[in-house]
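Worksheet: the structure to be examined is printed underneath.
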Amino acid sequence: MRIATWNVNSIRTRVGRVTDWLERSNCDVLAMQEIKCKPDQFPFEAFEKFGYKITMHGLNQWNGVAFASKIEAEDVEIGFSGMPTFKDVEEARALTATFDGVRLSSLYIPNGRSLEDAHYTYKLEWLEALAATTAEFLEHEPETPIALMGDFNIAPLDTDVWNIDDFAGATHVSAPERQAFSAFEQIGLTDVVRPRIPQAYTYWDYQQLRFPKNEGMRIDFILGNDSFAERVTEVSIERDERKGEGPSDHVPVTATIS
DNA sequence: ATGTCGCCTACGAGGCGA
């Protein structure tokens with residue numbers, strides 16, 4: 001089974017590129033983030049044409065997460081237990097389902113905006129709650145293979161950004177964010193891509209020629225428990241998907257499991 | 001060069017979020 005995660009930055013704008021990639025990539029389950037639409041706006045037919053079923057959660061023009069899969073999604077869960085709200089508003093940032101016995105989450109972690117912003121506190125709380133709920137799940141079902149997949153909006157290592165000196169005082173690299181990220185490792189999840197691809201970016205800002213200059217960030221991850229990680233046979237970061245006409249600012253990250 | 005993109009409202013262009 002080949003799975004992938006991709007922040008598509010609007011599925012309505014990107015539908016052609018996403019279905020083109022699915023057709024070429026032999027992907028069984030794609031976790032998408034930032035679909036940026038409500039259910040009545042989602043281009044279901046384009047995916048159905050290529051044999052993919054859509055499971056989605058979108059509330060408005062912001063955020064939004066989904067799966068496109070050749071495999072039936074079972075036990076679908078919107079959000080997660082204890083998921084924080086922002087100013088009492090629930091956001092469309094988490095969707096979980098089981099595919100052939102593998103439990104996968106599509107996650108769009110809050111950006112944080114700046115270290116002084118209320119969204120930064122929200123980001124840290126959101127990550128802490130996700131780790132707590134995941135830890136509880138793993139205690140009850142350690143044998144179930146699971147993976148948290150998505151745009152974490154955190155660069156865990158200094159080498160995950162093009163120049164760490166440019167990130168002084170910025171989000172994505174702060175100690176609290178990195179600590180929140182490492183909490184997933186403490187509860188038994190590991191990044192299944194990094195051991196096989198030690199250095200690569202998954203995101204390049206549209207601004208300031210970041211991609212031509214290869215000034216990117218590694219912020220999209222697949223974190224699996226042991227039951228998942230031991231089945232991984234191959235991974236990739238689809239850098240070519242940042243090229244050409246109308247790309248997302250993120251590229252797909254994939255894992256093949258036996 | 002603040003070298004971009006995509007959403008919204010509401011019909012032109014500005015505001016917001018990333």
Side-chain angles (χ1 to χ4, degrees), chain A residues 5-21 31-44 46 56-66 84-95 106-127 149-156 160-163 165-174 176-177 180-181 201-221 238-253:
Chain A
T5 181
W6 193 0
N7 179 325
V8 298
N9 185 21
S10 171
I11 193 56
R12 286 175 288 175
T13 296
R14 218 71 63 202
V15 58
R17 283 200 65 132
V18 173
T19 53
D20 282 356
W21 181 78
M32 293 179 274
Q33 299 86 39
E34 282 209 270
I35 60 169
K36 290 186 169 175
C37 70
K38 294 179 272 196
D40 63 349
Q41 300 172 306
F42 196 100
F44 293 100
M56 68 156 294
H57 175 43
L59 298 170
N60 50 43
Q61 70 267 41
W62 297 296
N63 318 307
V65 282
T85 55
F86 188 81
K87 295 190 193 298
D88 293 329
V89 176
E90 193 149 329
E91 299 184 315
R93 296 182 177 276
L95 185 65
S106 180
L107 303 166
Y108 180 45
I109 279 73
N111 175 285
R113 301 191 183 187
S114 76
L115 300 185
E116 303 77 29
D117 200 295
H119 287 90
Y120 179 73
T121 309
Y122 172 53
K123 178 181 195 173
L124 296 176
E125 289 170 352
W126 206 94
L127 287 160
M149 310 196 293
D151 177 359
F152 283 74
N153 271 315
I154 296 172
D160 292 334
V161 298
W162 72 89
N163 181 2
D165 295 335
D166 290 353
F167 284 77
T171 60
H172 294 60
V173 300
S174 74
E177 287 166 286
F181 187 84
Y201 300 135
T202 65
Y203 160 87
W204 297 259
D205 200 311
Y206 290 122
Q207 301 184 56
Q208 299 179 266
L209 295 175
R210 292 294 186 211
F211 185 64
K213 294 193 281 194
N214 197 29
E215 295 178 343
M217 302 170 72
R218 186 177 196 155
I219 55 178
D220 300 272
F221 300 101
E238 305 280 309
R239 190 178 188 281
D240 285 352
E241 289 311 305
R242 186 64 176 80
K243 300 176 181 175
E245 288 297 304
S248 170
D249 41 3
H250 296 251
V251 296
V253 178

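First the proteins, then the strands, lettered A, B, ... as listed; each starts at 1.
Atom CG of A:N60 is separated from atom P of B:dT9 by 11 Å (rounded to the nearest Å). One atom, CZ of A:F211, and another, C1' of B:dC5, lie 16 Å apart when rounded to the nearest Å. Between the P atom of B:dT4 and the CD atom of A:E245 lies a distance of 15 Å, rounded to the nearest Å. Spacing between atom CG of A:N7 and atom P of B:dC7 amounts to 13 Å, rounded to whole angstrom units. Distance A:E215 CD to B:dG3 P: 12 Å, rounded to the nearest Å.
Contact between the side-chain N/O atoms of A:R14 and the OP1/OP2 oxygens of B:dC5 is not found at any separation under 4.0 Å. Applying the 4.0 Å criterion to OP1 and OP2 of B:dC7, one finds that A:T13 has a side-chain N or O inside that range. In terms of phosphate contacts, A:Q208 brings a side-chain nitrogen or oxygen within less than 4.0 Å of OP1 or OP2 of B:dG3.
Donor-acceptor pairing under 3.5 Å is recorded for the side chains of A:S106 and A:Q33.
Residue A:R12 is classed as a sugar-phosphate contact, given heavy-atom separations below 4.0 Å to backbone atoms only.
Residue order along DNA chain B, read from the 5' end via each residue's closest nucleotide, puts A:L209 first among A:L209 and A:Q41. The residue among A:K213 and A:G246 whose nearest nucleotide of DNA chain B lies closer to the 5′ end is A:K213.
Taking atom P in both B:dG3 and B:dC7, the straight-line distance is 22 Å, to the nearest Å. Using P as the reference atom, B:dA10 and B:dC16 are 15 Å apart when rounded to the nearest Å. Across the P atoms, B:dG17 and B:dT2 are found 23 Å apart, a figure rounded to whole Å. For the P atoms, the distance linking B:dA1 with B:dG6 amounts to 26 Å, nearest Å.
A:D20 pairs by the side chain to side chain donor-acceptor pair (under 3.5 Å) definition with nothing, not counting sequence neighbours. Applying the side chain to side chain donor-acceptor pair (under 3.5 Å) criterion to A:K243, with sequence neighbours excluded, gives A:D240. For A:Q41, there are no side chain to side chain donor-acceptor pair (under 3.5 Å) partners two or more places apart in sequence or in a different chain. Qualifying ring-ring contact (aromatic ring centres under 6.0 Å, His included) partners for A:F211, counting only residues two or more places apart in sequence or in other chains: A:W204. Looking at residues two or more places apart in sequence or on another chain, you find no side chain to side chain donor-acceptor pair (under 3.5 Å) involving A:N111.
Between the side chain of A:T171 and the backbone N or O of A:G112, no donor-acceptor pair lies under 3.5 Å.
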Could you run down the sub-3.5 Å N/O contacts of the protein with nucleotides 14-18 of chain B?
| unit_1 | atom_1 | unit_2 | atom_2 | d |
| --- | --- | --- | --- | --- |
| B:dG17 | O5' | A:R113 | NH2 | 3.4 |
| B:dA18 | OP2 | A:R113 | NE | 2.6 |
| B:dA18 | OP2 | A:R113 | NH2 | 3.2 |

